[in-house]
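Predicted model only: the values in this text are computed from it and were never measured.
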Amino acid sequence: MQAPAVGGVSAPRGGGKTIRLPQGASLTDFAEKIGANPASLVAIMMHLGKMVTATQSVDPDDLMALGLELDFDVQVVSPEDEDRELLESFDIEYGEDEGGEEHLQSRPPVVTVMGHVDHGKTKLLDAVRHANVQAGEAGGITQHIGAYQVETEVDGEKRAITFIDTPGHEAFTAMRARGADTTDLVVLVVAADDGVKPQTTEAIDHATAAGVPIVVAVNKIDVEGADPNRVRAQLTEYGLVAEEFGGQTQFVDVSARERINIDGLLEAIILTADAELDLKANPDMPAQGSAIEAHLDKGRGAVATVLVQRGTLRVGDSIVCGVAHGRVRAMLDENLENVTEAGPSRPVEVLGLAAVPGAGDNFLVVEDDRIARQIADKRVARKRNAELLKSRKSSSLEELFKDLERGERQELLLILKGDVSGSVEALEDSLLKIDVGEEVNLRIIRRGVGAITQDDVNLSLASEGAVIIGFNVRPERNAQELADREGVDIRYYSIIYQAIEEIEAALKGMLKPEFEEVQLGQAEIREIFKVPRIGSVAGSMVTSGVIQRNAKARLVRDGVVVADNLTVSSLRRFKDDATEVREGFECGIGVGYNDIKLGDVIECFEMREKPRD
């Protein structure tokens with residue numbers, strides 16, 4: 001049924017009917033749902049004070065306001081709900097029931113190593129798996145996530161443990177949080193000579209939030225000044241009470257450098273997992289799990305480190321992982337040796353994906369490549385809509401007028417590209433925490449893994465000047481040529497903190513300068529002279545500071561400002577012109593103001609730019 005809508009435009013009336021739209025939907029999408037002409041919806045949006053084209057992604061609040069105007073109940077579906085509905089349309093349930101007890105088998109514990117920077121997490125993993133990964137890390141700090149499985153012997157039985165190595169600096173909070181979510185147990189590394197530090201407590205918070213048990217590795221016991229008992233006492237304040245003090249937490253004294261008591265740590269992990277966790281999974285179902293890390297390899301294409309959480313992943317399986325899909329061409333273990341299948345709690349590198357997934361993306365095995373491609377394509381379209389929505393500036397008429405009144409609001413748009421998705425996520429998280437007040441905005445309109453492409457440069461141009469940040473990556477040749485030709489700003493970094501510092505400096509540079517008044521000096525009027533063509537000149541004594549020619553001035557009478565916005569237009573010592581006169585000297589001052597009296601005070605000042613904190 002057609003009914004007159006706002007502004008004389010006809011559009012269907014919904015009678016309270018519910019419409020579900022994805023985030024980033026356009027007016028064309030809305031029109032298709034209700035059988036209307038998109039042009040009529042554009043006209044209604046203009047009447048509502050919003051300038052939106054038919055194909056432009058529309059803000060969720062604006063979609064709901066439009067629905068209200070047309071008597072429709074608009075529900076903007078969250079990305080999570082949209083994804084669940086997408087999988088349900090293919091009869092796929094992520095995290096589905098694993099079957100009865102008879103289908104479940106014991107699986108190895110997944111352990112995340114956490115702790116303060118420089119307390120020896122990477123050294124400890126190095127000692128555990130006898131491989132030196134630290135040498136290749138920028139600044140000696142782990143910049144992305146790895147996963148490894150090791151074996152140990154407990155009570156004469158071979159037991160496997162999966163380790164996830166999370167970075168240690170506070171910039172990687174988001175990555176550590178994700179590590180805690182995918183883990184069964186946390187090993188908290190605390191240096192015996194340094195004790196509890198801010199990131200130690202941060203790691204405890206992540207582990208507690210994830211509801212996982214903690215084993216404390218007291219490292220560097222061989223270092224001078226080491227005091228393992230002090231560490232035990234400090235951690236008592238955070239609810240981690242050692243077994244020898246009557247608590248539940250296992251503390252193990254180790255030295256990663258000297259490889260002392262590493263076996264004791266592995267045994268403590270197994271005993272804690274057996275005592276507090278019932279780790280079982282069904283190995284006979286289609287594999288599901290999470291991408292721990294992903295990057296683009298020149299020779300091998302997209303490479304993802306995945307952790308299988310249930311089921312068994314096999315070479316030849318069709319998988320979809322976030323916006324990436326493909327067929328498993330090969331799988332490699334932590335020693336880069338080929339494996340044909342990976343069961344629960346097994347981390348493997350997967351080759352064969354058509355794109356690079358995001359760190360933390362869920363993966364699942366589907367029936368065939370066609371279904372995997374369809375799911376991935378729909379996710380890509382949703383991601384593109386979200387990026388377009390982010391890159392679009394606010395377009396309400398009201399805000400447009402406000403911008404014109406106060407001058408364009410400053411905004412820095414960024415496109416982030418990196419070598420691995422974990423580092424990109426950490427960089428994004430840190431940049432969004434930069435606070436320089438309300439005058440300047442920072443928006444990240446795209447993040448991705450791999451070389452900077454022509455598409456990234458085109459997005460920068462479309463968004464009117466987004467800066468492209470390359471973290472351990474470089475642009476493709478055609479992308480570099482386009483960027484040079486169009487003047488697109490591309491910046492390159494290999495250490496995350498340098499990127500954060502420079503972006504913060506850039507944001508502060510976009511702030512309008514703040515000025516403060518600086519008092520230069522005061523002079524008391526002792527005589528008044530009338531000079532032809534000049535007017536009144538104040539014969540004055542400089543009582544403090546200095547009076548400068550061309551400086552700003554004000555006239556004060558009995559403590560009240562009589563005239564402001566004056567300028568010291570003339571300054572003389574006897575018959576000679578002077579540029580400045582200091583305290584204790586007499587001078588003649590002309591300020592272009594004739595109503596001066598004996599006893600008035602001339603204040604001389606200047607406005608100086610205030611440095612930003």
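Side chains of Lys530 and Ser536: a donor-acceptor N/O pair is present below 3.5 angstrom, by distance only.
Of the candidates Arg447, Lys433, Lys417, Arg447 is the only one forming a salt bridge (Lys or Arg N to Asp or Glu O under 4.0 Å) with Glu428.
Ion pairing between Arg446 and Asp455 holds under the 4.0 Å rule for side-chain N and carboxylate O. Between Lys220 and Asp193, none of the side-chain N atoms (NZ, or NE/NH1/NH2) sits under 4.0 Å from a carboxylate O, so this pair counts as no salt bridge.
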(message) Go through it in stages, so that I can follow the logic: the residues are Ser421 and Glu293, the test is side-chain hydrogen bond (donor to acceptor under 3.5 Å, both in side chains), and I'd like the CA-CA distance, side-chain angles, deciding distance and then a yes or no.
(response) CA-CA 6 Å; Ser421 49; Glu293 190 48 272; 3.2 Å; yes
(request) Decide side-chain hydrogen bond (donor to acceptor under 3.5 Å, both in side chains) for Gln480 and Asp484; before the verdict, give the C-alpha distance in whole Å, the side-chain angles of both, and the deciding distance to 0.1 Å. (result) CA-CA 6 Å; Gln480 183 67 67; Asp484 292 343; 2.9 Å; yes
(request) With side-chain contact (heavy atoms from CB on, under 4.5 Å) as the test, would you mind laying out the steps for Leu296 and Val473 before giving the verdict? (result) CA-CA 10 Å; Leu296 196 61; Val473 293; over 6 Å; no
(request) Would you please test Asp29 and Ser26 for side-chain hydrogen bond (donor to acceptor under 3.5 Å, both in side chains) and show each step? (result) CA-CA 5 Å; Asp29 298 328; Ser26 66; 3.3 Å; yes
(request) Could you give me the CA-CA distance, side-chain angles and deciding distance for Asp59 and Lys50, then say whether salt bridge (charged side-chain N to carboxylate O under 4.0 Å, His left out) is met? (result) CA-CA 10 Å; Asp59 187 86; Lys50 299 286 180 179; over 6 Å; no
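In this structure, NZ in Lys597 is found 10.5 Å from CG in Leu555, a value given to the nearest 0.5 Å. Between the OG1 atom in Thr543 and the CD1 atom in Ile602 there is a gap of 10.5 Å [rounded to 0.5 Å].
In plain terms, the two heavy atoms of Cys604 and Ile547 that are nearest each other are CB-CD1, 3.6 Å.
At least one side-chain heavy atom of Val74 sits less than 4.5 Å from a side-chain heavy atom of Leu21. Side-chain contact between Ile204 and Val196 is absent, with no heavy atoms from C-beta onward closer than 4.5 Å. A 4.5 Å side-chain heavy-atom check between Phe605 and Val518 finds every atom pair outside the cut-off. No side-chain heavy atom of Arg554 sits under 4.5 Å from any side-chain heavy atom of Val562.
Heavy atoms from other residues, nucleotides or ligands lying under 6.0 Å from CZ of Arg573 number more than 12.
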